[in-house]
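Take a look at the structure below.
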Amino acid sequence: MADYNPQTIEPKWQKIWEESGAFLADAEPGRPKYYVLEMLPYPSGTLHMGHMRNYTIGDAVARYKRMRGLNVLHPLGWDSFGLPAENAALQHNIHPREWTNANIAQMKAVCRRFGFSYDWRREISTCEPEYYHWNQWLFLRMFERGLAFRKRSRVNWCPKCQTVLANEQVVDGCCWRHDDTAVEAKDLEQWFLRTTDYADELLDDMKQLDEGWPERVLAMQRNWIGKSSGARIRFRLDGEGETSIEVFTTRVDTIYGATALLLAPDHPLLPGLYKDQPNLPALESEWNELRRHILRPADLATEKLGFFTGRHVINPFSGERVPVWVANFVLMEYGTGAVMCVPAHDQRDFEFCRKYELPVKVVVQPLEGAALDESDESIGEASVEYGRLVDSGPYTGLASEQAIEKMAADARERGFGQAEITYRLRDWGISRQRYWGTPIPILYCGSCGIVPVPDEQLPVRLPDHVAITGQGESPLAGIPEFVNATCPKCGGPARRETDTMDTFVDSSWYFYRYTDPRNGRAPFEPAAAAYWFPIDQYIGGIEHAILHLIYSRFFCKMMRDLGLVTHSEPVLRLFSQGMVQKGGVAMSKSRGNVVAAMDIAERYGCDTGRVYMLFAAPPEKDLEWSEQGIEGCSRFLNRAFRLVDRHAERLRQDQTAKPAAFAAGELTDAERSLLRKTHQTLKRVTDDFELRWHFNTSVAAVMELVNVLYGNEPLEESVRPPVLKTCLETLVAMLAPLVPHMAEELWEMLGHKGGLAKKAWPAFDRELAREDEYEIVVQINGRVRGHLVVEAGLGEEEVVRRALSDEKVAAFLDGKQVVKTVFVANRLVNVVVR
RNA sequence: GCCCGGGUGGCGGAAUGGCAGACGCCGAGGACUUAAAAUCCUCUGGCCUGAAAGGGCCGUGCGAGUUCGAAUCUCGCCCCGGGCACCA
């Protein structure tokens with residue numbers, strides 16, 4: 001008897017797949033499609049168990065869908081990840097391309113070793129011109145429509161990366177790649193994509209994702225887009241001129257309680273405001289102090305700071321004259337960069353006014369509870385609830401909701417404001433001062449200004465030899481052959497843009513390119529994308545909830561407006577697998593607690609690793625890595641192997657024809673019971689793949705089946721070969737998506753030529769799965785008091801009669817009166833007594 | 001503060017209105033073996049009771065409620081994890 005040896009079996013089938021040219025069959029016309037994709041791998045050189053979990057889920061589902069007869073697109077691609085590549089260049093003096101390619105080669109080796117069913121022919125590298133060409137092409141289309149534009153703005157700057165970061169890439173005031181480095185602010189000319197144009201649609205279309213996306217991802221996106229409706233109100237500056245300051249507020253109903261107007265420290269009107277003030281030097285130094293504070297995000301959470309500008313504005317509703325202050329907690333990036341200060345009804349304003357001794361004026365009384373009295377010094381916090389307006393001129397007595405509506409309308413009529421919707425989402429800054437990325441296809445001409453590179457000159461290629469210093473400017477700026485160009489408009493000298501694109505641009509649409517990866521005329525043919533899109537199933541970690549998954553939704557809508565695609569959402573279903581932890585901490589290279597995929601493959605075989613990934617926890621939950629756990633999975637696969645091996649010889653030699661279907665009457669009890677268990681298992685596993693994705697219970701079900709088949713009953717005598725063969729074949733087919741190598745081997749042992757991966761998923765037979773008899777629970781007042789074995793489908797009357805006459809049950813009924821009985825077919829009888 | 005998860009044996013987890021703890025790990029005992037490993041078998045939530053077979057009670061974070069029946073549904077609390085946050 002042979003033992004299960006993954007070290008010989010796994011390479012054997014890996015080789016066969018490679019030689020047969022495809023891990024997945026070619027698409028057949030007219031068949032339904034399934035596009036499954038794992039989130040872009042990160043070429044850090046080590047595929048650890050966190051990645052493996054991601055890929056294992058995707059691979060199992062892709063294999064299952066193929067066995068169900070769908071055309072499956074399951075491609076493989078690689079991001080350029082400019083930053084690690086350039087860091088490697090700095091540290092080891094190796095070209096980013098070499099570094100990237102070396103890492104890609106390593107990771108591909110791991111993916112092949114594990115038998116992931118990728119379609120290698122559709123592999124793409126986003127860091128190569130054949131891909132970034134189309135990044136540039138799409139950028140130019142956006143430029144033509146004003147969706148790509150250049151402006152000077154304050155940007156987040158990571159001093160370690162020496163590059164600009166998008167807002168989405170700032171985490172807790174630090175760089176997403178360096179959680180120990182505070183992001184600084186810098187004023188730079190930058191290229192932006194106008195994501196805000198799509199803010200409303202990005203929010204609205206989430207309705208389509210309700211079913212297929214995890215709620216937490218949608219919640220994070222909703223939060224990030226941050227829609228709020230309110231009003232924009234103009235306060236005229238007291239004194240000469242018509243200058244006015246606009247504020248945005250969601251609580252215009254509290255405007256009669258405004259006791260000041262607050263400006264962000266970097267508000268553009270600010271320098272003009274106090275230029276005539278007598279105490280100018282003092283104000284300037286206050287201002288500089290405040291600016292210093294807001295430029296260091298870590299300080300933001302601490303203390304309210306501000307100073308009086310010496311100027312006043314007129315409240316357009318009340319006509320009141322209120323002072324203009326500068327406050328550190330007012331953000332220039334949100335709303336208008338100025339707010340009205342209503343201390344009675346906003347906690348931040350309240351704290352500010354208490355500190356600087358500005359008056360507190362109550363204008364909204366709560367509907368329930370004690371009335372507020374501003375003369376009462378004991379008011380400890382702002383009252384932010386809606387209520388009824390007081391001391392608010394003609395609006396006094398209105399409810400907050402009505403007042404908000406009416407006051408916005410009145411402001412519009414009287415010309416000093418209007419209702420407005422504001423978003424937290426900002427335009428996406430994509431300029432990066434890096435070498436290893438897509439060059440932005442723009443020229444600057446002394447006479448023509450900003451000139452796009454004509455399509456026929458694309459791609460603007462990255463020069464091969466650059467000095468990467470990691471300092472300040474874009475490395476491309478040091479290459480005269482790259483920088484110096486000719487203006488396509490006037491033929492004069494022009495300077496080429498030397499920044500490259502954020503690599504998140506690459507990853508925003510890479511999955512479209514898979515549908516047409518060698519296209520030289522366009523990013524992809526619309527028809528090719530139309531067949532495969534939208535993606536049926538995207539699988540990835542939660543870390544992309546904001547960054548990648550908002551960007552790619554934006555790209556989809558943008559490409560729809562370009563006429564490239566017809567759908568509005570790229571991904572129908574999103575699955576976020578939980579993290580793999582070790583010692584309670586997420587595995588990551590920086591923490592050094594990585595369990596490498598290759599080590600597991602060598603020690604236990606990759607199939608064992610795959611089963612463990614699926615079995616140890618439901619896939620959306622975090623998973624604690626356990627050596628004992630993987631030992632258990634190894635034992636299970638050994639048992640399955642020995643089970644098939646034990647019977648294989650006899651089954652191969654048996655000449656009895658296998659019937660197309662088993663008629664109940666022709667089966668012995670042992671045979672029927674075996675077939676029943678097999679089909680019940682098949683139902684559970686199929687349901688898990690179709691509905692729930694709880695692969696831990698699929699594996700448990702298969703383990704149960706193996707335990708039954710493996711048990712000490714001498715199957716050789718009680719079960720005829722065709723029946724046993726059917727059961728074992730079904731078992732092996734169910735194993736195929738989970739442990740593809742071992743399943744192929746077992747399939748061959750059962751006398752087949754191989755190619756289980758291309759076989760059909762076994763058909764479920766309800767009749768065979770049916771139970772003949774059930775154990776009925778007998779409850780008295782909801783407590784279990786007895787059990788009863790009855791034939792399937794036996795009617796209520798008879799079951800109740802038997803239940804009541806049961807000896808043990810009868811003892812409990814003694815002296816009691818039966819009030820009613822509850823009957824659940826094939827399940828229970830509950831007798832209610834008094 | 002707001003939003004999203006979650007709380008079940010020694011552990012990972014199963015059960016989504018019907019026997020709580022499937023399956024696996026750990027642990028205990030046994031078989032095989034000169035021995036060990038591997039393998040196989042049995043037991044394994046707690047407490048009480050019984051010589052044993054068995055029987056009883058308690059038990060899914062806490063407290064109420066709905067129901068013949070609640071881990072599951074409703075309400076109120078507690079705790080843990082994650083996300084967002086001077087967003088006006």
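Proteins get letters first, then strands, A, B, ... in listed order; numbering begins at 1 in each.
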Fill in the blank from the handout: The contact string for nucleotides 54-61 of chain B, one letter per nucleotide 5' to 3', using protein heavy atoms under 4.0 Å with B, S and - for base, sugar-phosphate only and none, comes out as -SSSS---
Practice task
Figure out the CG/C1' separation between A:L547 and B:G83, and round it to whole Å.
Solution key: 13 Å
Practice task
Tell me, please, which residues at least two apart from A:F416 pass ring pair (Phe, Tyr, Trp, His ring centres under 6.0 Å).
Solution key: A:F317
Exercise for the section: Sticking with atom C1', work out how far B:U72 lies from B:U67, rounded to a whole angstrom. Expected result: 13 Å
Exercise for the section: Determine the interplanar angle of the A:F248 and A:Y334 rings, folded into 0 to 90°, and report it as parallel if under 30°, tilted if 30 to 60°, perpendicular if over 60°. Expected result: perpendicular
Problem - A:E351 CD - B:A85 C1' separation (whole Å) - result: 14 Å
Problem - Below 4.0 Å: OP1/OP2 of B:C40 and any side-chain N or O of A:Y710 - result: yes
Handout entry: Whole-Å P distance, B:G63 and B:G83
Key = 32 Å
Exercise for the section: Ignoring backbone atoms, test whether A:N696 places a side-chain nitrogen or oxygen under 4.0 Å from the OP1 or OP2 oxygen of B:G24. Expected result: no
Problem - Whole angstrom value for the distance that separates C1' of B:A70 from CD of A:Q779 - result: 12 Å
Problem - Phosphate-side-chain proximity, A:R639 and B:C40, N/O vs OP1/OP2 below 4.0 Å - result: yes
Exercise for the section: Establish, with yes or no, whether the OP1 or OP2 oxygen of B:A15 is under 4.0 angstrom from a side-chain nitrogen or oxygen of A:R692. Expected result: yes
Problem - Donor + acceptor pair across side chains of A:N707, A:R639 (<3.5 Å) - result: yes
Fill in the blank from the handout: By nearest-nucleotide position on RNA chain B, the 5'-leaning member of A:Q628 and A:L623 is A:L623
Practice task
Please confirm whether the backbone N or O of A:G230 pairs with a side-chain atom of A:T250, one donor and one acceptor, at under 3.5 Å?
Solution key: no
Handout entry: Separation of the P atoms in B:C26 and B:C78, to the nearest angstrom
Key = 40 Å
Practice task
Using a 4.5 Å cut-off on heavy atoms from C-beta on, say whether the side chain of A:V789 contacts that of A:E775.
Solution key: yes
Handout entry: Rounded distance in Å between the P positions of B:G18 and B:U74
Key = 15 Å
Problem - Near-strand residues of residues 826-834 of chain A, defined as heavy-atom separation under 4.0 angstrom from RNA chain B - result: A:R827, A:L828, A:N830, A:V832
Problem - Any side-chain heavy-atom pair of A:M49 and A:Y612 under 4.5 Å - result: no
Exercise for the section: Before accepting this row, confirm whether a basic side-chain N of the pair A:E620/A:R216 lies closer than 4.0 Å to the acidic partner's carboxylate O. Expected result: no
Exercise for the section: For A:F615, answer base if it contacts any base atom (sugar-phosphate contacts may also be present), sugar-phosphate if it contacts only those atoms, and nothing otherwise; contact means non-hydrogen atoms under 4.0 Å. Expected result: base
Atom pairs, N/O to N/O, protein against nucleotides 6-10 of chain B, distance under 3.5 Å?
none

Exercise for the section: Counting heavy atoms from C-beta on, name the nucleotide in B:C23, B:A14, B:A88 closest to the side chain of A:L331. Expected result: B:A88
Handout entry: A:F329 six-ring face occupied by A:R348 cation (under 6.0 Å, within 45°)
Key = no
Problem - Watson-Crick or G-U stems involving RNA chain B, each at least 3 pairs long, distances under 3.5 Å, ordered by first number - result: B:1-7 with B:78-84, B:10-12 with B:23-25, B:27-31 with B:39-43, B:45-49 with B:54-58, B:61-65 with B:73-77
Problem - P gap between B:G45 and B:G21, integer Å - result: 9 Å
Exercise for the section: State, yes or no, whether a side-chain contact exists between A:T681 and A:T730 at a heavy-atom distance under 4.5 Å. Expected result: no
Practice task
Pick base, sugar-phosphate or nothing for A:S228, based on heavy-atom distances below 4.0 Å to the nucleic acid.
Solution key: sugar-phosphate
Exercise for the section: Pull out every residue in residues 210-221 of chain A that has a heavy atom closer than 4.0 Å to any atom of RNA chain B, ordered by number, or say none. Expected result: A:E215, A:R216, A:A219, A:M220
Practice task
Using atom CD of A:Q581 as one end and atom C1' of B:G13 as the other, report the distance to the nearest whole Å.
Solution key: 15 Å
Exercise for the section: Between B:A88, B:C19, B:A85, spot the one nearest the side chain of A:W224, thanks. Expected result: B:A85
Practice task
Could you check if the base of B:G24 is syn or anti? Syn means the glycosidic torsion is within 90 degrees of 0.
Solution key: anti
Handout entry: Value in whole Å for how far the C1' atom of B:G69 lies from CD1 of A:I776
Key = 15 Å
Problem - Qualifying residue, where the test is side chain to side chain contact (heavy atoms under 4.5 Å, CB included) with A:M340 and the options are A:I233, A:N315, A:T254 - result: A:T254
Practice task
Decide whether A:Y198 and A:R553 meet the rule of one side-chain donor and one side-chain acceptor closer than 3.5 Å.
Solution key: no
Handout entry: B:G9 and B:C2, which share atom name P, separated by this distance in whole Å
Key = 30 Å
Exercise for the section: Is it possible for you to check whether A:R610 lies under 6.0 Å from the centre of the six-membered ring of A:F695, through NZ or CZ, and within 45° of that ring's axis? Expected result: no
Practice task
Output yes when at least one side-chain N/O atom of A:R635 is less than 4.0 Å from OP1 or OP2 of B:A37, else no.
Solution key: no
Exercise for the section: Flag the pair A:K683 and A:D687 as a salt bridge only when some basic side-chain nitrogen lies within less than 4.0 angstrom of an acidic carboxylate oxygen. Expected result: yes
Exercise for the section: Might you point out which heavy atoms bring A:I546 and A:Q221 nearest each other, and give the distance in Å? Expected result: CD1-N, 4.0 Å
Exercise for the section: For B:G13, take OP1 and OP2 only and decide whether either is under 4.0 Å from a side-chain N or O of A:T697. Expected result: no
Handout entry: Atom C1', compared across B:C43 and B:U66: separation rounded to whole Å
Key = 40 Å
Problem - Side-chain donor or acceptor of A:D346 paired with backbone N/O of A:C341 under 3.5 Å - result: no
Problem - P spacing across the pair B:A20 / B:A70, given as an integer number of angstrom - result: 10 Å
Handout entry: Sugar-phosphate only, base, or nothing, as touched by A:G226 at under 4.0 Å among non-hydrogen atoms
Key = nothing
Handout entry: A:E215 atom CD, neighbour heavy-atom count above 12 within 6.0 Å
Key = yes
Practice task
May I ask you to say what A:E775 touches in the nucleic acid, namely base, sugar-phosphate or nothing, with a heavy-atom cut-off under 4.0 Å?
Solution key: base
Practice task
Nearest-nucleotide wise, let me know which of A:A617 and A:E333 is further upstream toward the 5' end of RNA chain B.
Solution key: A:A617
Problem - For atom NZ of A:K304 and atom P of B:A88, their distance in whole Å - result: 14 Å
Exercise for the section: State whether the side chain of A:H345 and the backbone N or O of A:V384 hold a donor-acceptor pair below 3.5 Å, judged by distance alone. Expected result: no
Exercise for the section: Answer yes or no: are there more than 12 heavy-atom neighbours, outside A:E385 itself, under 6.0 Å from its atom CD? Expected result: no
Exercise for the section: Evaluate the ring planes of A:W325 and A:F352, with Trp represented by its six-membered ring, and classify them as parallel (under 30°), tilted (30 to 60°) or perpendicular (over 60°). Expected result: perpendicular
Problem - Under 3.5 Å donor-acceptor, A:R53 side chain and A:G578 backbone - result: yes
Practice task
Provide, to the nearest angstrom, the distance between the CD1 atom belonging to A:I542 and the C1' atom belonging to B:G81.
Solution key: 13 Å
Exercise for the section: Name the nucleic acid region contacted by A:N707, choosing base, sugar-phosphate or nothing; use a 4.0 angstrom heavy-atom cut-off, strictly under. Expected result: sugar-phosphate
Fill in the blank from the handout: Between CD1 of A:I550 and P of B:C84 the distance, given in whole Å, is 12 Å
